[in-house]
Amino acid sequence: MPELPEVETIRRGLEPCVVGLSLESVTVTDQKVLDWSAKEGRLAAVEGQRIEAVSRRGKYLVMVLDRHYLIFHLGMTGQLTIRDPRRHDSAFFERTVTGLEWCEQHAPDRHTHLHLFLGDGRQLLFRDIRKFGRVYVLGRSAEELAAFFRVHRLGIEPFTSDYNLKAFLSGFKNRTLRLKSLLLNQSFVAGVGNIYADEALFEAGVHPARRVCGLRKAEKERLFLAVQKVLERGIEFGGTSFRDFVNSEGEKGTNQEKLYVYGREGEPCLTCGTPIVKTVISQRGTHFCPTCQPRGGKRL
DNA sequence: CGTTGATCCTGGGCGC
DNA sequence: TGCGCCCAGGATCAAC
(Lines give C-alpha, C1' and ligand atoms only; values in the text may rest on other atoms or scores of the structure.)
Protein backbone atom coordinates (compact mmCIF):
# COMPACT_ATOMS: atom_id res chain seq x y z
CA MET A 1 0.00 0.00 0.00
CA PRO A 2 1.83 3.05 -1.18
CA GLU A 3 1.73 5.57 1.66
CA LEU A 4 3.91 8.66 1.99
CA PRO A 5 7.23 6.77 2.43
CA GLU A 6 6.56 4.53 -0.57
CA VAL A 7 5.55 7.44 -2.82
CA GLU A 8 8.58 9.42 -1.64
CA THR A 9 10.82 6.43 -2.40
CA ILE A 10 9.42 6.29 -5.93
CA ARG A 11 9.81 10.06 -6.29
CA ARG A 12 13.47 9.92 -5.27
CA GLY A 13 14.12 7.11 -7.72
CA LEU A 14 12.32 8.82 -10.57
CA GLU A 15 13.65 12.35 -10.15
CA PRO A 16 17.28 11.83 -11.28
CA CYS A 17 16.34 9.69 -14.27
CA VAL A 18 13.38 11.57 -15.77
CA VAL A 19 13.93 15.26 -15.05
CA GLY A 20 15.05 17.03 -18.22
CA LEU A 21 13.62 14.36 -20.53
CA SER A 22 10.67 14.92 -22.81
CA LEU A 23 7.49 12.92 -22.53
CA GLU A 24 7.28 11.82 -26.14
CA SER A 25 4.02 9.91 -26.13
CA VAL A 26 1.46 8.26 -23.89
CA THR A 27 -0.42 5.00 -24.43
CA VAL A 28 -3.43 4.02 -22.35
CA THR A 29 -4.60 0.41 -22.15
CA ASP A 30 -7.25 0.86 -19.44
CA GLN A 31 -9.24 4.08 -19.18
CA LYS A 32 -10.38 3.09 -15.70
CA VAL A 33 -7.23 4.53 -14.11
CA LEU A 34 -7.82 7.92 -15.73
CA ASP A 35 -9.58 10.64 -13.82
CA TRP A 36 -12.02 12.70 -15.95
CA SER A 37 -9.30 15.37 -16.13
CA ALA A 38 -7.12 12.92 -18.09
CA LYS A 39 -9.88 11.49 -20.30
CA GLU A 40 -10.94 12.31 -23.87
CA GLY A 41 -7.62 13.51 -25.15
CA ARG A 42 -6.72 15.61 -22.16
CA LEU A 43 -3.91 13.18 -21.29
CA ALA A 44 -2.52 13.42 -24.84
CA ALA A 45 -1.97 17.13 -24.18
CA VAL A 46 1.13 16.25 -22.15
CA GLU A 47 2.86 14.67 -25.15
CA GLY A 48 5.98 16.53 -26.21
CA GLN A 49 6.39 18.36 -22.91
CA ARG A 50 9.57 18.37 -20.87
CA ILE A 51 9.61 16.95 -17.34
CA GLU A 52 10.87 19.76 -15.13
CA ALA A 53 10.53 18.17 -11.70
CA VAL A 54 9.00 15.31 -9.77
CA SER A 55 7.40 16.34 -6.50
CA ARG A 56 4.98 14.90 -3.96
CA ARG A 57 2.14 15.96 -1.68
CA GLY A 58 0.86 13.33 0.75
CA LYS A 59 0.43 10.17 -1.30
CA TYR A 60 0.19 12.08 -4.59
CA LEU A 61 3.14 12.07 -6.98
CA VAL A 62 3.32 15.24 -9.09
CA MET A 63 5.23 15.40 -12.37
CA VAL A 64 5.84 19.02 -13.27
CA LEU A 65 5.75 19.51 -17.04
CA ASP A 66 6.11 22.63 -19.21
CA ARG A 67 2.42 23.45 -19.26
CA HIS A 68 0.76 20.78 -17.10
CA TYR A 69 0.97 18.80 -13.91
CA LEU A 70 0.69 15.04 -14.40
CA ILE A 71 -0.45 13.61 -11.07
CA PHE A 72 -0.47 9.98 -9.94
CA HIS A 73 -2.20 8.40 -6.97
CA LEU A 74 -1.17 4.77 -6.55
CA GLY A 75 -4.17 3.59 -4.56
CA MET A 76 -3.55 0.14 -3.10
CA THR A 77 -1.43 -1.68 -5.63
CA GLY A 78 -0.15 1.00 -7.98
CA GLN A 79 3.41 0.84 -9.30
CA LEU A 80 5.45 3.36 -11.29
CA THR A 81 8.54 1.81 -12.79
CA ILE A 82 11.16 2.74 -15.34
CA ARG A 83 11.72 0.26 -18.13
CA ASP A 84 14.50 0.23 -20.66
CA PRO A 85 13.29 -1.77 -23.66
CA ARG A 86 16.92 -2.39 -24.63
CA ARG A 87 17.37 -4.42 -21.44
CA HIS A 88 15.91 -7.79 -20.53
CA ASP A 89 12.68 -7.70 -18.51
CA SER A 90 12.11 -9.51 -15.22
CA ALA A 91 13.84 -12.79 -15.81
CA PHE A 92 17.12 -14.56 -15.38
CA PHE A 93 19.49 -13.82 -18.20
CA GLU A 94 22.97 -14.95 -19.10
CA ARG A 95 25.95 -12.65 -18.66
CA THR A 96 29.19 -13.81 -20.21
CA VAL A 97 31.30 -12.63 -17.29
CA THR A 98 29.11 -12.87 -14.18
CA GLY A 99 26.86 -15.73 -15.24
CA LEU A 100 23.13 -15.91 -14.45
CA GLU A 101 21.65 -12.60 -13.29
CA TRP A 102 18.19 -11.58 -12.14
CA CYS A 103 16.83 -8.47 -13.80
CA GLU A 104 14.29 -6.56 -11.69
CA GLN A 105 12.87 -4.53 -14.54
CA HIS A 106 9.13 -4.96 -14.77
CA ALA A 107 7.80 -6.27 -18.05
CA PRO A 108 4.45 -4.78 -19.10
CA ASP A 109 1.55 -7.18 -18.52
CA ARG A 110 -2.25 -7.08 -18.40
CA HIS A 111 -2.11 -4.87 -15.28
CA THR A 112 0.02 -2.23 -16.98
CA HIS A 113 -2.47 0.49 -17.84
CA LEU A 114 -0.26 3.37 -18.91
CA HIS A 115 2.94 3.61 -20.95
CA LEU A 116 4.81 6.91 -20.96
CA PHE A 117 7.53 6.94 -23.61
CA LEU A 118 10.50 9.10 -22.63
CA GLY A 119 12.92 11.04 -24.81
CA ASP A 120 15.87 8.73 -24.09
CA GLY A 121 14.05 5.61 -25.32
CA ARG A 122 13.05 4.42 -21.88
CA GLN A 123 9.50 4.05 -20.61
CA LEU A 124 7.64 4.92 -17.45
CA LEU A 125 5.03 2.25 -16.70
CA PHE A 126 1.96 2.66 -14.51
CA ARG A 127 0.77 -0.74 -13.31
CA ASP A 128 -2.11 -1.27 -10.87
CA ILE A 129 -3.65 -4.67 -10.19
CA ARG A 130 -6.69 -3.43 -8.27
CA LYS A 131 -7.15 -0.26 -10.26
CA PHE A 132 -7.69 1.94 -7.22
CA GLY A 133 -4.98 4.25 -8.51
CA ARG A 134 -5.74 7.37 -10.57
CA VAL A 135 -4.00 9.65 -13.05
CA TYR A 136 -4.88 13.35 -13.20
CA VAL A 137 -3.91 16.14 -15.60
CA LEU A 138 -3.92 19.74 -14.36
CA GLY A 139 -3.02 23.02 -16.02
CA ARG A 140 0.27 24.27 -14.62
CA SER A 141 -0.72 27.02 -12.25
CA ALA A 142 -0.26 27.33 -8.52
CA GLU A 143 -3.96 28.08 -8.11
CA GLU A 144 -5.05 24.97 -9.96
CA LEU A 145 -2.69 22.77 -7.96
CA ALA A 146 -3.85 24.30 -4.68
CA ALA A 147 -7.47 23.78 -5.71
CA PHE A 148 -6.74 20.14 -6.51
CA PHE A 149 -5.35 19.48 -3.07
CA ARG A 150 -8.22 21.42 -1.51
CA VAL A 151 -10.77 19.30 -3.34
CA HIS A 152 -8.98 16.16 -2.24
CA ARG A 153 -8.86 17.52 1.31
CA LEU A 154 -5.16 17.13 1.99
CA GLY A 155 -4.11 18.16 5.46
CA ILE A 156 -0.76 18.84 7.08
CA GLU A 157 2.26 17.84 4.99
CA PRO A 158 4.89 16.01 7.09
CA PHE A 159 8.51 17.25 6.90
CA THR A 160 7.45 20.83 6.18
CA SER A 161 6.90 23.84 8.43
CA ASP A 162 3.16 23.10 8.19
CA TYR A 163 3.83 20.07 10.37
CA ASN A 164 3.88 21.83 13.72
CA LEU A 165 2.40 20.97 17.09
CA LYS A 166 -0.23 23.71 16.98
CA ALA A 167 -1.66 22.52 13.66
CA PHE A 168 -1.45 18.91 14.81
CA LEU A 169 -3.34 19.58 18.05
CA SER A 170 -6.16 21.35 16.19
CA GLY A 171 -7.10 17.98 14.68
CA PHE A 172 -8.10 16.73 18.12
CA LYS A 173 -10.49 19.52 19.07
CA ASN A 174 -14.14 18.64 19.68
CA ARG A 175 -13.96 15.31 17.93
CA THR A 176 -15.22 11.91 18.97
CA LEU A 177 -13.71 9.63 16.36
CA ARG A 178 -11.09 7.01 17.20
CA LEU A 179 -7.37 7.67 16.91
CA LYS A 180 -7.00 5.14 14.12
CA SER A 181 -9.65 6.93 12.04
CA LEU A 182 -8.04 10.31 12.66
CA LEU A 183 -4.65 9.10 11.43
CA LEU A 184 -6.17 7.53 8.31
CA ASN A 185 -7.98 10.77 7.49
CA GLN A 186 -5.89 12.57 4.86
CA SER A 187 -7.36 15.92 5.86
CA PHE A 188 -5.56 15.60 9.19
CA VAL A 189 -2.01 14.58 8.24
CA ALA A 190 -1.49 13.81 4.55
CA GLY A 191 0.28 10.59 3.65
CA VAL A 192 -0.43 8.28 6.58
CA GLY A 193 -2.06 4.96 5.66
CA ASN A 194 -2.88 1.76 7.50
CA ILE A 195 0.67 0.54 8.10
CA TYR A 196 2.17 3.78 9.37
CA ALA A 197 -0.95 4.61 11.40
CA ASP A 198 -0.54 1.38 13.39
CA GLU A 199 3.21 1.94 13.74
CA ALA A 200 2.79 5.55 14.90
CA LEU A 201 0.20 4.56 17.52
CA PHE A 202 2.55 1.90 18.84
CA GLU A 203 5.47 4.32 18.84
CA ALA A 204 3.38 6.80 20.85
CA GLY A 205 2.08 4.09 23.19
CA VAL A 206 -1.59 4.87 22.64
CA HIS A 207 -4.46 2.45 21.94
CA PRO A 208 -5.88 2.81 18.39
CA ALA A 209 -9.53 2.60 19.53
CA ARG A 210 -9.33 5.54 21.94
CA ARG A 211 -11.40 8.62 21.16
CA VAL A 212 -9.24 11.53 20.08
CA CYS A 213 -10.80 14.04 22.48
CA GLY A 214 -9.89 11.81 25.43
CA LEU A 215 -6.13 12.07 24.89
CA ARG A 216 -3.89 13.85 27.35
CA LYS A 217 -1.62 16.60 26.07
CA ALA A 218 1.49 14.48 26.58
CA GLU A 219 -0.03 11.66 24.53
CA LYS A 220 -0.86 13.99 21.64
CA GLU A 221 2.68 15.32 21.76
CA ARG A 222 4.08 11.79 21.64
CA LEU A 223 1.88 11.03 18.63
CA PHE A 224 3.00 14.24 16.94
CA LEU A 225 6.60 13.06 17.11
CA ALA A 226 5.75 9.41 16.41
CA VAL A 227 3.98 10.06 13.10
CA GLN A 228 6.96 11.83 11.60
CA LYS A 229 9.37 9.31 13.10
CA VAL A 230 7.73 6.23 11.56
CA LEU A 231 7.37 7.96 8.18
CA GLU A 232 11.04 8.92 8.31
CA ARG A 233 12.02 5.32 9.04
CA GLY A 234 9.86 4.13 6.18
CA ILE A 235 11.69 6.40 3.77
CA GLU A 236 15.07 5.47 5.24
CA PHE A 237 14.45 1.80 4.48
CA GLY A 238 13.06 2.35 1.00
CA GLY A 239 9.39 1.79 1.84
CA THR A 240 7.39 -1.17 3.13
CA SER A 241 6.92 -4.01 0.63
CA PHE A 242 4.21 -5.97 2.36
CA ARG A 243 2.73 -7.12 -0.90
CA ASP A 244 3.01 -5.17 -4.10
CA PHE A 245 5.19 -2.18 -3.42
CA VAL A 246 8.29 -1.75 -5.58
CA ASN A 247 10.33 1.39 -6.20
CA SER A 248 10.92 2.98 -9.61
CA GLU A 249 13.59 0.36 -10.33
CA GLY A 250 11.21 -2.50 -9.55
CA GLU A 251 12.95 -3.33 -6.25
CA LYS A 252 11.28 -4.06 -2.92
CA GLY A 253 11.83 -1.91 0.16
CA THR A 254 13.02 -3.34 3.49
CA ASN A 255 10.88 -1.47 6.02
CA GLN A 256 8.61 -4.53 6.43
CA GLU A 257 11.49 -6.01 8.46
CA LYS A 258 11.47 -2.98 10.78
CA LEU A 259 7.77 -2.91 11.71
CA TYR A 260 6.76 -3.27 15.37
CA VAL A 261 3.08 -4.19 15.03
CA TYR A 262 1.70 -4.19 11.47
CA GLY A 263 1.43 -7.74 10.14
CA ARG A 264 2.76 -9.19 13.42
CA GLU A 265 -0.46 -10.62 14.88
CA GLY A 266 0.32 -13.24 17.53
CA GLU A 267 4.04 -12.50 17.46
CA PRO A 268 5.71 -11.13 20.60
CA CYS A 269 5.87 -7.37 21.06
CA LEU A 270 9.47 -6.32 20.48
CA THR A 271 9.32 -4.19 23.61
CA CYS A 272 7.51 -6.34 26.18
CA GLY A 273 6.89 -9.77 24.63
CA THR A 274 3.08 -9.62 24.79
CA PRO A 275 1.51 -11.16 21.66
CA ILE A 276 0.45 -8.47 19.16
CA VAL A 277 -3.34 -8.26 18.76
CA LYS A 278 -5.19 -7.67 15.50
CA THR A 279 -8.70 -6.20 15.47
CA VAL A 280 -10.87 -4.18 13.12
CA ILE A 281 -11.29 -0.46 13.76
CA SER A 282 -13.23 1.67 11.29
CA GLN A 283 -13.21 -1.13 8.71
CA ARG A 284 -9.45 -1.49 8.82
CA GLY A 285 -7.21 -4.21 10.14
CA THR A 286 -5.50 -2.71 13.17
CA HIS A 287 -2.48 -4.07 15.02
CA PHE A 288 -1.38 -3.10 18.52
CA CYS A 289 0.28 -4.30 21.71
CA PRO A 290 -2.30 -4.49 24.53
CA THR A 291 0.44 -3.93 27.13
CA CYS A 292 2.34 -1.04 25.53
CA GLN A 293 -0.89 0.56 24.29
CA PRO A 294 -3.44 0.14 27.12
CA ARG A 295 -6.96 1.46 26.51
CA GLY A 296 -6.87 3.66 29.56
CA GLY A 297 -3.60 5.27 28.58
CA LYS A 298 -0.19 4.66 30.05
CA ARG A 299 0.46 5.36 33.71
CA LEU A 300 3.95 6.68 34.28
C1' DC B 1 -21.17 19.17 10.41
C1' DG B 2 -19.18 14.95 12.13
C1' DT B 3 -19.02 10.24 11.74
C1' DT B 4 -19.90 5.66 9.94
C1' DG B 5 -20.42 2.26 6.43
C1' DA B 6 -20.68 0.62 1.53
C1' DT B 7 -18.29 0.58 -2.69
C1' DC B 8 -14.79 -0.19 -6.14
C1' DC B 9 -11.10 -4.14 -7.83
C1' DT B 10 -8.20 -8.46 -8.23
C1' DG B 11 -5.08 -11.98 -6.47
C1' DG B 12 -3.99 -14.89 -2.83
C1' DG B 13 -4.97 -17.87 0.92
C1' DC B 14 -7.93 -20.95 3.05
C1' DG B 15 -11.33 -24.73 3.80
C1' DC B 16 -13.59 -28.54 1.96
C1' DT C 1 -6.46 -30.47 -7.78
C1' DG C 2 -10.13 -27.32 -7.85
C1' DC C 3 -13.74 -24.64 -6.58
C1' DG C 4 -15.90 -21.03 -3.93
C1' DC C 5 -15.46 -17.86 -0.40
C1' DC C 6 -13.47 -14.09 1.95
C1' DC C 7 -9.97 -10.84 2.86
C1' DA C 8 -6.62 -6.92 1.88
C1' DG C 9 -7.51 -1.39 1.91
C1' DG C 10 -7.39 4.39 -0.15
C1' DA C 11 -10.61 7.45 -1.22
C1' DT C 12 -15.23 8.78 -2.25
C1' DC C 13 -19.94 9.11 -1.50
C1' DA C 14 -24.38 8.19 0.69
C1' DA C 15 -26.78 8.01 4.91
C1' DC C 16 -27.70 9.06 9.53
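Values below: all heavy atoms of this structure, side chains included; hydrogens, waters and symmetry mates excluded. By convention in this document, chain letters (A, B, ...) are assigned in the order of the sequence lines, proteins followed by strands, and residues within each chain are numbered from 1.
Residues of residues 128-136 of chain A having a heavy atom closer than 4.0 Å to DNA chain C, listed by number: Arg130(A), Phe132(A).
The side-chain hydrogen bond (donor to acceptor under 3.5 Å, both in side chains) pairs that include a residue from residues 181-191 of chain A are Ser181(A)-Ser282(A), Asn185(A)-Ser187(A), where partners are two or more places apart or lie in different chains.
Nucleotides of DNA chain B that come within less than 4.0 Å of any heavy atom of chain A span, from the 5' end to the 3' end, dT3(B) to dG12(B).
Taking atom OH of Tyr196(A) as the reference point, atom C1' of dG10(C) lies 15 Å away to the nearest angstrom. For the pair Asp244(A) CG and dG10(C) P, the interatomic distance rounds to 12 Å; values are reported in whole Å.
The side chain of His73(A) contributes an N or O atom lying less than 4.0 Å from OP1 or OP2 of dA11(C). For His152(A) and dG10(C), the shortest distance from a side-chain N or O to OP1 or OP2 is not below 4.0 Å. Proximity of Gln186(A) to the phosphate of dG10(C): no side-chain N or O atom is located under 4.0 Å from OP1 or OP2.
Donor-acceptor pairing under 3.5 Å, judged by distance alone, is present between the side chain of Arg284(A) and the base of dG10(C).
Terminal axes of the helix from dG2(B)-dC16(C) to dC16(B)-dG2(C) (five pairs each, C1' rotation axis) are separated by 50°, to the nearest 10°.
Nearest heavy-atom pair, Gly253(A) versus Ser241(A), reported as atom, atom and distance to 0.1 Å: N-OG, 2.7 Å.
For Lys59(A), there are no side-chain hydrogen bond (donor to acceptor under 3.5 Å, both in side chains) partners, not counting sequence neighbours.
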Would you list the protein and nucleotides 13-16 of chain C atom pairs, both N or O, that sit under 3.5 Å from each other?
none

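Atom-to-atom distance recorded for Ile71(A):CD1 and Tyr136(A):OH is 8.5 Å, nearest 0.5 angstrom. Between atom CD1 of residue Ile276(A) and atom NZ of residue Lys278(A) there is a gap of 13.0 Å, rounded to the nearest 0.5 Å.
At the heavy-atom level, Thr176(A) lies under 4.0 Å from the strands shown only through sugar-phosphate atoms. At a threshold of 4.0 angstrom between heavy atoms, the contacts of Arg211(A) are confined to the sugar-phosphate backbone, with no base atom among them. As judged by a 4.0 angstrom heavy-atom cut-off over every strand, Tyr262(A) is placed among residues touching the sugar-phosphate backbone only. Counting any heavy atom pair closer than 4.0 Å across all strands shown, Lys173(A) reaches no nucleic acid atom.
Using a 4.5 Å heavy-atom cutoff, the side chains of Asp198(A) and Thr286(A) are in contact. Between Leu118(A) and Arg83(A), the closest side-chain pair of non-hydrogen atoms is not below 4.5 Å.
The residue among Lys32(A) and Leu177(A) whose nearest nucleotide of DNA chain B lies closer to the 5′ end is Leu177(A). Comparing Val212(A) and Arg110(A) by the nucleotide of DNA chain B that holds the closest heavy atom to each, the one mapping nearer the 5' end is Val212(A).
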Phe148(A) vs Tyr69(A), ring-ring contact (aromatic ring centres under 6.0 Å, His included): CA-CA, chis, key distance, verdict: CA-CA 11 Å; Phe148(A) 177 84; Tyr69(A) 291 113; 9.3 Å; no
Test side-chain contact (heavy atoms from CB on, under 4.5 Å) applied to Leu124(A) and Ile82(A), step by step: CA-CA 5 Å; Leu124(A) 183 59; Ile82(A) 289 283; 3.9 Å; yes
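Taking the six-membered ring for Trp and thresholds of 30 and 60 degrees, Tyr163(A) and Phe224(A) have nearly parallel ring planes, at less than 30 degrees apart. Under the 30°/60° scheme for interplanar angles, the aromatic rings of Phe168(A) and Phe172(A) are found to be tilted.
Under the 3.5 Å distance criterion, with hydrogens and angles disregarded, no donor-acceptor pair is assigned to the side chains of Tyr260(A) and Thr271(A).
Classification of Arg233(A) and Glu203(A) as a salt-bridged pair fails, no side-chain N sitting under 4.0 Å from a carboxylate O.
For the side chain to side chain contact (heavy atoms under 4.5 Å, CB included) with Tyr196(A), the qualifying choice from Val227(A), Leu201(A), Leu184(A), Thr240(A) is Thr240(A), the only one to do so.
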